[in-house]
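Scroll down for the structure; my scribbles are underneath it.
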Amino acid sequence: MLTLADVSKSYGTRTLFSDVSLFIARTDRLGFVGPNGAGKTTLFSLILGEEKPDTGTIEWERGADFGFLPQESAPAGNETILQMATSGKKLEPDEDEFDIDYTLEPRARKILAGLGFKEGEADKPARSFSGGWVMRAHLARLLVAEPALLLLDEPTNHLDLEALLWFQDYLTRYPGGLVVISHDRAFLNALCTGMLELRAGTLHYYHGNYDAFIKEKEDRKAQQAALFKNQQREIAHLQKFVDRFGAKASLASRAKSKEKQIERLQEVAIEEPTEELKRIHFKFPQPPRSGRKVIELEHVQQAYGDHVVYRDLNFTAERGQRMVLVGPNGAGKSTLLKILSETIPIQGGKREVGSNVRVGYFAQHRLDNLNPKVSVFENVMELRTNENQLTEQQARAILGAFLFRKDDVHKPVTVLSGGEKSRLALARILVNPPNLLLMDEPTTHLDIPSIDALIGALKNYEGTLIFISHDVHFIREVAQNVLHVHGGRLTPYAGDYDYYLDKSRAGDARAALTASFTDARPKQNAAAAVAPNGKHISPAVKRPSPNEVRKFREQVGQLEKRVVELEAKQSEITSELEAPETYADKGKFHHLNRELSTIVDQINEATTAWEQAATTLAEMEGPVESRR
């Protein structure tokens, strides 16, 4: 479908890549990786015909079409989201009604829904949506058009996890070829049958997905190191003979022969394997030690208009915890971080910060962390205080660790790429390191080596960390506790992510990140759903009558009331335990502790029963889907 032969591209004295040759078939699903700045996006530009190669040829098979999704899109105009998704294809007949694809609009609406657009939003003007949602509409346009080859540049950066999982599943059934630039390991593992790596000006091909690529790359590196070592040993051995006997007349001809052998070996010399350059390398300066209780929320109320996110939120974080927030989209994970960071004021209840706590917030939208009006260097220097006494040399050293070197430090923030904004936001944290670090999707826009560097830095970080991420590898490496957020309730898991998967009986490690409390458990057999009264409800039987639904709704209400009562009892016992006079009576203290433990178990059981019953009720009340 696409052939590149001996393609090279340079800018001034800098050669991005040379002698790149590649054949892409219609069934290929290729991941494209390499350090930031290696030239991946430039190679895409050459394939698209936006730029011309210095040497070499790029040829498309006749009739093959392609679709391209860039990292950033142009501002939206007056068209609706649906019009953008259908990209000008005809939705209304002209003279020839046979020229219309009547499946186009329903197909576009289905894809838009999969990418996260709610009912009715497809008919709204695209300009009323943020840049990330406009990118989703452009992605929908490509999927609706179904070109022979999809070229995607970081397509997952603007997707939440639910949309990402839908998109990933859709691509597994996509009928065309795929080349995708991505730093998402799980995404590459799920989709790719081959990997391309652009490194040091050369394009390397590997069979298999990302994990297979890493293994093969290490094997190649070890093999290259062994060959290099053997060749250097042979050259040294030959050179020793030349040095020793080159001046002797009787052995001069043999020495000359050895010199020619050395020359031939040097002409085909095997290069010594080297580490990739330009990696982030940093560590967090250790922050001052905080008190044991770092932050606490009591009876917090939070809503957006009529949408209540939290009605009676209670939460405590202690020193040294490393906690990941998981749960469905819209459950309130980002809202919880914003409440903890005081980015948004609470509408009711109490937020109390512990002694000597310094809070740092790494926002999902990086510009929220940056000053867009000044340069990279000024973004760091404006954090100078009498306490840290930051010098220009120290600021340059911090920026250098995040790959901002020489004139890069004078770039305006407005021209930075997504990856550069993420790196600058991390650099700012190092100037005044917090001992409570709140991070919302910290790996977004970072390449894989940079993610690994961040993991290493966080493992050595001695403060308290609470974060949200859809990168399972990152979570497994960093998190020691899991907090499930759903329906305004927080369910703690006193173990790492694998412990959460085990206890919640979740099947897929990635899907479990956005599972509701019920969805994180095995699906019930549809023919054996159980009502609160213990009776079985079979979907094979006719739909329940209104009277049956009403009785079931009352029973669900009783279960919910039980949960509320138990939670009130939990709050009451907790208040007693916090009272100083409780500790004067050791018997009372131990009794309250045992009672609290029992209550927590009862809350978990009651919550599970209520949520299972509520799910069944929703199915009973839901309309029967009509065929189209």
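For the numbers below, each heavy atom of this structure counts, side chains included, while hydrogens, waters and symmetry mates do not.
Within the 4.5 Å cutoff, the side chain of S375 has no heavy atoms near those of the V413 side chain.
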request  = Would you sort out whether E382 and N379 count as a side-chain contact (heavy atoms from CB on, under 4.5 Å), showing the intermediate values?
outcome  = CA-CA 6 Å; E382 70 180 11; N379 257 275; 4.1 Å; yes
request  = Show your working on ring pair (Phe, Tyr, Trp, His ring centres under 6.0 Å) between F467 and F474 and close with a plain yes or no.
outcome  = CA-CA 11 Å; F467 69 97; F474 180 80; 5.5 Å; yes
task = Apply the test side-chain hydrogen bond (donor to acceptor under 3.5 Å, both in side chains) to residues D54 and S8: give CA-CA distance (whole Å), side-chain angles for both, the deciding distance (0.1 Å), then the verdict.
result = CA-CA 6 Å; D54 298 334; S8 301; over 6 Å; no
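A salt bridge does not link K221 with E218: every distance from a Lys NZ or Arg NE/NH1/NH2 to an Asp or Glu carboxylate oxygen is 4.0 Å or more. In summary, R476 and D496 do not engage in a salt bridge, as defined by a charged side-chain N under 4.0 Å from a carboxylate O. A salt bridge does not link K333 to D160: none of the charged side-chain nitrogens sits closer than 4.0 Å to a carboxylate oxygen. We find that R396 and E392 are not joined by a salt bridge, their nearest charged nitrogen and carboxylate oxygen being 4.0 Å or further apart. Under 4.0 Å is where a charged nitrogen must lie from a carboxylate oxygen, and between E462 and R289 no such pair does. The pair E378-K373 does not count as a salt bridge, with every side-chain nitrogen at least 4.0 angstrom from each carboxylate oxygen.
Residues passing the ring-ring contact (aromatic ring centres under 6.0 Å, His included) test with Y499, sequence neighbours excluded: none. For Y497, the ring-ring contact (aromatic ring centres under 6.0 Å, His included) partners at least two apart in sequence or on another chain are Y500.
Environment of NE2 in H410: crowded, with over 12 heavy atoms of neighbouring residues, nucleotides or ligands closer than 6.0 Å. The environment of CD in Q389 is crowded: more than 12 heavy-atom neighbours from other residues, nucleotides or ligands sit within 6.0 Å.
A donor-acceptor contact closer than 3.5 angstrom links the side chains of H183 and E154.
Put simply, OG1 on T3 and CD1 on I58 are 10.5 Å apart, with the number rounded to the nearest 0.5 Å. The line from NZ of K258 to CG of D243 is 13.0 Å long, rounded to the nearest 0.5 Å. Summarising the geometry, atom CG belonging to L149 is positioned 8.0 Å from atom CD1 belonging to I47; distances are rounded to the nearest 0.5 Å.
For the salt bridge (charged side-chain N to carboxylate O under 4.0 Å, His left out) condition, the pairs that include at least one residue of residues 170-180, sequence neighbours left out, are D169-R173.
Classified by interplanar angle (parallel below 30°, tilted 30° to 60°, perpendicular above 60°), the ring pair Y206/F213 is perpendicular.
Under a cutoff of 6.0 Å and an axis angle of 45°, K503 and Y493 do not form a cation-pi pair.
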